[in-house]
Amino acid sequence: MITTTHNNHNKKRVIFANQLQTTKSTTNIMEYNFREIEPKWQQEWKEHKTYQVEIDPSRPKFYVLDMFPYPSGAGLHVGHPLGYIASDIYSRYKRLCGFNVLHPMGYDAFGLPAEQYAIQTGQHPAVTTTQNINRYREQLDKIGFSFDWNREVRTCDPAYYKWTQWAFLKMFGHYYNNKTDKAEPIEKLIAHFEKQGTEGVDAACTNQMRFSAADWAAMDEKQREEVLQNYRLAFRADTMVNWCPKLGTVLANDEVKDGLSVRGGYPVEQKRMKQWLLRVTAYAQRLLDGLERLAWSDSLKEIQRNWIGRSEGAQVFFNIKGSDKKLEIFTTRPDTIFGVTFMVIAPEHEWIDELTTPEHKQEIEEYVAQTKKRSERERIAETKRVSGAFTGSYAVNPFTDKEIPIYVSDYVLAGYGTGAIMAVPAHDSRDYAFARHFNLPIIPVVEGGDLSVESYDAKSGKLINSDFIDGLDVKEAIQVMFTEIERRGLGKKRINYRLRDAIFSRQRYWGEPFPIYYKDDIAYPLSEDKLPLELPPIENFGPTEQGEPPLARVHNWATPEGYPYELSTMPGFAGSSAYYLRYMDPHNDQALVSKEADEYWRNVDLYVGGIEHATGHLMYSRFWNKFLFDLGYVVEDEPFKKLVNQGMIQGRSNFVYRIVGTNKFVSLGLKDQYETQEIHVDVNIVKNDLLNLDAFRAWRPEFAEAEFILEDGKYVCGWAIEKMSKSMYNVVNPDYIVENYGADTLRMYEMFLGPLEQSKPWDTNGIDGVHKFLRRFWRLFYNRDGMLNLSEGKATAAELKTLHKTIKKVREDIENFSFNTSVSAFMICLNELGECNKREILEPLTVLLSPFVPHITEELWQTALGHTDTIFDTRFPEYDEHYLVENSFAYPISFNGKVRFKKELPLGVPNEELEKQVLADSNTARYLDGKTPRKVIVVPGKIINIVI
RNA sequence: GCGGAUAUGGUGUAAUUGGUAGCCACGUCAGACUUAGGAUCUGAUGCCGAAAGGCGUGGGGGUUCGAGUCCCUUUAUCCGCACCA
């Protein structure tokens, strides 16, 4: 049936959540009234400081941490609390299991958006940040989290960033000793220089240095400081940086994606600038090794491994014809050295001028100038394009003594290895493309492949044309060459990492100031007792006309003696790198964390957060923690034992279809009969993909006179999964859900939506199912007239079985973070219990449910069940396997109620081990024929019969 | 290009980890109660078929008594890295 309706003519009414509650709540006052219950308990928890925790050596600790939010102006949407709800359920569960649970929350409050907003509006970032924090807090409070707010931290609070600055000073004052494999005071290195110069020093550094004690003695202060900057763990260096002109600041590698800034999406270019850096690379191997011991997902560990990018290879020196210099290269394939037919150096290579002969000078200069002009983005886009130029110089292959030409090309990166390579076109696709383009010889040294078409890059095969390694397999040959290269003194075995040192300065205002001042252009650390160095107030937040950072606008931004402070500020990851330590002892003004607090709380047992921090925060935190560990300030060398990545919640957008050039809208099923235009419609005026016509007319003035072509009297909307954003009108606000369904329904529904780690769209359709569950649960305690309905009768075996089955399932599910299936378990439990209103069943069930839905359970606990203590003073229910035994047959606890087989077990004997054995054996034995018992398993002392 | 993950009804998902695929919900349909239903309750609902029955976990192949699950291959989507020598 197709009907065209006009204003108010649609007879059939459509159901909407926002209309639904208003009438219903008046019908029965003793229905489950979440609007009353939830604020009541939230107030109660607040007043009694229910979730405040202290060190308690008599109880085991458990530390559950969420990645603290950046308080953006948009507030929370329904996706943000997902991880918080999961961690809250886990915290409450652990607390009920008897752990002393630390579950704090705070704000990552420094950052770009607040500053961008300040530049536009002149509003101080501190003001907007505080407003946003207040809004966040309000929204969070409504959901009923068990955070210990007494421990709240804000990264922009001077009392907090004092310790960020403190850690920076410690890094400035330390270097990494490779021999002891830890950070040590820089004074120790200075003492060594005074005695022996660089002789015997094996330390992480920017450039390898070589000088004697006498050289050191002869240096002035500035020269010495330059040397030390080469070793300090926080140091200043002239380096290629990702410069974002639009944001007016440099960015770290993990803040750039595809040549664009992650925040804002502005183009990023490469620029040489003097910047502060953290020597993260010193910890590359330990960051890699540490992953083995962490209970993180394999995919996340793999991302970190790739980011660290360890590769084993050899450093080899090639003689340069007509020079006493040797060109150093790095290769992971020393076995292919007989196939080297040319060399390539990066355009930024420091010897480029020396290597260029006069007749090639112009060509090379042009090439270098041209590559400089290309932005990072263009270089990425033109990856396939082969370009380069010949320097005119030749190197000598140390194994064949053949002269081979040296080229310059931008496919060789200055920042990796030595910025120079030996090219083996037969077995490296990039070298191959280059050789083809410049007509260079290609010598196969590994059997296999068809070199007329492409290079043969495989890491297996037999060596040929390679003198003494002929006939060996690639893997053997590599090992032979390592020893041969070292024996001949041509170079050494070496490990290279893709990981780069972290650029630590930002040319911004809204961040931690560096506790550094300058005297004669030498950087000096502020003494620790002067911390915190507070961020001075300013009024204009943009860069100066000279392009200096905003802090240059501050008069007297200098020490009392008049020495100027550093003008840049620290990046976002500075404040988040050690916040988990600060939560342990947030009010301590003598230390980042006291010895006592650190030794009790140690590190984070469970960390819940998004995977987007894989190469940023999660890497920097580990580095930061390892550094503090080396110095003895913390007892654990990894900060986050277990990590769970919650998936992103996407938006589910709805569409209406306007017939082009009219104000008529056609329902989804009929839209193909017209020429239509797809328009996003606010998901809050759509339910179950049916449009609320009146709400649509009221939504925007231009739709006030809208007409509709309906199917079966309904307007069906189209839908699509997109990012949750204002412009798609698909943002669902948790406040709205809390108002209409309650926080408990929101909490449970977010978990019910699907596996925690999976990305999934938010879809308010379906929330009724969860809400209905809570109402039915309520009605087991109170009847329709609001009368207490609880029975003291004895539970039947079937009821007990249901209860214990559910306890077991929920327990396992919580431990495995499979919250969606535990919600299902509750629903099944309720279906099975029917009208059962026995205290014996409902009391444990209430406790079991409480981590998920704390408000309703607390209310029932104290009113219907008549307890005076809060639910959190009780223990999480234990299940009892004996209840599963019937007629001398034990049912393996098959959750969905199906019994696949029965096995005879001795009653009254704990039988977990026995069950395991039976299960292990029966899997192979069960279905050999059809129906009869067919296998007898003899377990020492017992005979077990398997029956189908 | 390399590495990782995922793919199951109209929808979100589940599956004792190799053992009756589709639990639990949403939606839909039918019914009960009701002034009303947008409350509540009951039943049906993977697909084809009147039924018997057949088909069915992205496609193809394999291992196995038995495969959503393991192996090979292929396609699609998502994520990470990307000239890393």
Side-chain angles (χ1 to χ4, degrees), chain A residues 13-17 19-24 27-28 31 257-258 297-307 309-311 313 329-333 336 344 346 379-380 382-386 409-413 415-424 427-431 433-434 457 496-499 611-612 614-615 648 652 687-689 719 749 752-755 757-761 763-770 772-773 775-776 779 784 809 818 820-821 823-831 892-901 919 922-929 948:
Chain A
R13 302 210 44 200
V14 190
I15 314 153
F16 304 100
Q19 301 169 355
L20 187 140
Q21 292 300 332
T22 47
T23 47
K24 197 182 59 196
T27 54
N28 191 335
E31 279 274 281
K257 203 178 142 66
D258 299 330
S297 72
D298 290 336
S299 60
L300 179 54
K301 287 199 219 176
E302 199 56 32
I303 290 173
Q304 288 216 341
R305 275 189 207 108
N306 291 341
W307 187 261
R310 182 187 203 267
S311 61
I329 60 99
F330 173 77
T331 180
T332 54
R333 293 292 302 276
T336 61
V344 187
R379 266 174 90 152
I380 291 166
E382 296 171 13
T383 299
K384 291 278 171 281
R385 206 186 72 179
V386 178
S409 174
D410 65 0
Y411 83 87
V412 173
L413 304 174
Y416 184 79
T418 61
I421 61 153
M422 63 177 213
V424 186
H427 305 292
D428 182 290
S429 55
R430 295 151 303 172
D431 297 345
F434 195 84
D457 295 13
N496 249 312
Y497 299 93
R498 203 193 69 96
L499 185 73
I611 196 146
E612 65 272 18
T615 55
M648 288 251 282
R652 188 179 187 279
K687 177 155 183 179
N688 289 335
D689 292 335
W719 61 273
Y749 186 57
F752 184 66
L753 221 45
E757 309 206 4
Q758 192 175 300
S759 283
K760 56 223 166 225
D763 185 357
T764 308
N765 300 339
I767 198 167
D768 285 337
V770 167
K772 213 188 295 183
F773 165 82
R775 284 207 306 265
R776 280 175 60 200
R779 209 165 301 123
R784 280 160 187 279
K809 172 74 174 163
S818 180
N820 56 325
T821 52
V823 175
S824 295
F826 285 123
M827 293 181 174
I828 293 167
C829 178
L830 212 59
N831 287 346
I893 303 162
S894 158
F895 177 65
N896 56 17
K898 288 184 182 173
V899 178
R900 291 258 159 74
F901 63 94
L919 281 170
S922 59
N923 271 345
T924 54
R926 249 179 290 170
Y927 285 87
L928 289 179
D929 69 44
I948 293 187

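Lettering of chains follows the sequences in order, A, B, ..., and the numbering in each one begins at 1. None of the values given here were measured: they were computed from a predicted structure.
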Short heteroatom pairs, N/O only, protein and nucleotides 24-32 of chain B, under 3.5 Å:
unit_1  : atom_1 : unit_2  : atom_2 : d
rC24(B) : O3'    : N831(A) : ND2    : 3.4
rA25(B) : OP1    : N831(A) : OD1    : 3.3
rA25(B) : OP1    : N831(A) : ND2    : 2.6
rC26(B) : OP1    : K772(A) : NZ     : 3.0

Watson-Crick or G-U counterpart of [N], or none if no pair lies under 3.5 Å:
N: rU11(B); answer: rA25(B)
N: rC65(B); answer: rG19(B)
N: rU40(B); answer: rA32(B)
N: rC81(B); answer: rG1(B)
N: rC55(B); answer: rG46(B)

Over how many whole Å does the gap from [X] atom [atom1] to [N] atom [atom2] extend?
X: D457(A); N: rC2(B); atom1: CG; atom2: P; value: 10 Å
X: L300(A); N: rG80(B); atom1: CG; atom2: P; value: 12 Å
X: F773(A); N: rC41(B); atom1: CZ; atom2: P; value: 13 Å
X: D410(A); N: rC83(B); atom1: CG; atom2: P; value: 10 Å
X: N306(A); N: rA5(B); atom1: CG; atom2: C1'; value: 14 Å
X: Y416(A); N: rA82(B); atom1: OH; atom2: P; value: 13 Å
X: I303(A); N: rC79(B); atom1: CD1; atom2: P; value: 12 Å
X: D763(A); N: rG12(B); atom1: CG; atom2: P; value: 9 Å

Between [options], which nucleotide gets closest to the side-chain atoms of [X]?
X: R498(A); options: rA15(B), rA85(B), rA82(B); answer: rA82(B)
X: P755(A); options: rA14(B), rC83(B), rA85(B); answer: rA14(B)
X: T821(A); options: rA85(B), rU40(B), rA14(B); answer: rA14(B)

Spacing of the [atom1] atoms in [M] and [N] (rounded, Å):
N: rG58(B); M: rG54(B); atom1: P; result: 23 Å
N: rG49(B); M: rC2(B); atom1: P; result: 46 Å
N: rU34(B); M: rA51(B); atom1: C1'; result: 38 Å
N: rA82(B); M: rU28(B); atom1: P; result: 48 Å
N: rG10(B); M: rU17(B); atom1: C1'; result: 29 Å
N: rG22(B); M: rA32(B); atom1: C1'; result: 29 Å

message: Please report the interatomic distance CH2(W307(A)) to CZ(R498(A)), rounded to the nearest 0.5 Å.
response: 5.0 Å
- prompt: Between atom CG of N496(A) and atom CZ of R310(A), what is the distance when rounded to the nearest 0.5 Å?
  reply: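 So the gap between those two atoms works out to 10.5 Å.
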S311(A) vs S759(A), nearer the 5' end of RNA chain B by closest nucleotide: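 The residue mapped nearer the 5' terminus is S759(A).
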message: For R652(A) and T418(A), find the nucleotide of RNA chain B closest to each by heavy atoms; which residue's nucleotide sits nearer the 5' end?
response: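 By nearest-heavy-atom nucleotide position, the 5'-most residue is R652(A).
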field: Glycosidic conformation of rU8(B), taking syn as within 90° of 0 and anti otherwise
entry: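 Classified anti.
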query: Can rG66(B) be described as syn, meaning its chi torsion is within 90° of 0, or is it anti?
result: anti
task: Could you check whether N820(A) gets within reach of a base, just the sugar-phosphate, or nothing at all, counting any heavy atom under 4.0 Å?
output: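 Sugar-phosphate: the residue N820(A), judged by heavy atoms under 4.0 Å, touches backbone atoms but no base.
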- request: Check the surroundings of atom CG in N831(A): do more than 12 heavy atoms from other residues, nucleotides or ligands lie under 6.0 Å from it?
  value: yes
- prompt: When you check the side-chain N and O atoms of T821(A) and S818(A), is any donor under 3.5 Å from an acceptor?
  reply: yes
message: Tell me whether the rings of Y416(A) and F330(A) are parallel (<30°), tilted (30 to 60°) or perpendicular (>60°).
response: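 Y416(A) vs F330(A) ring planes: perpendicular.
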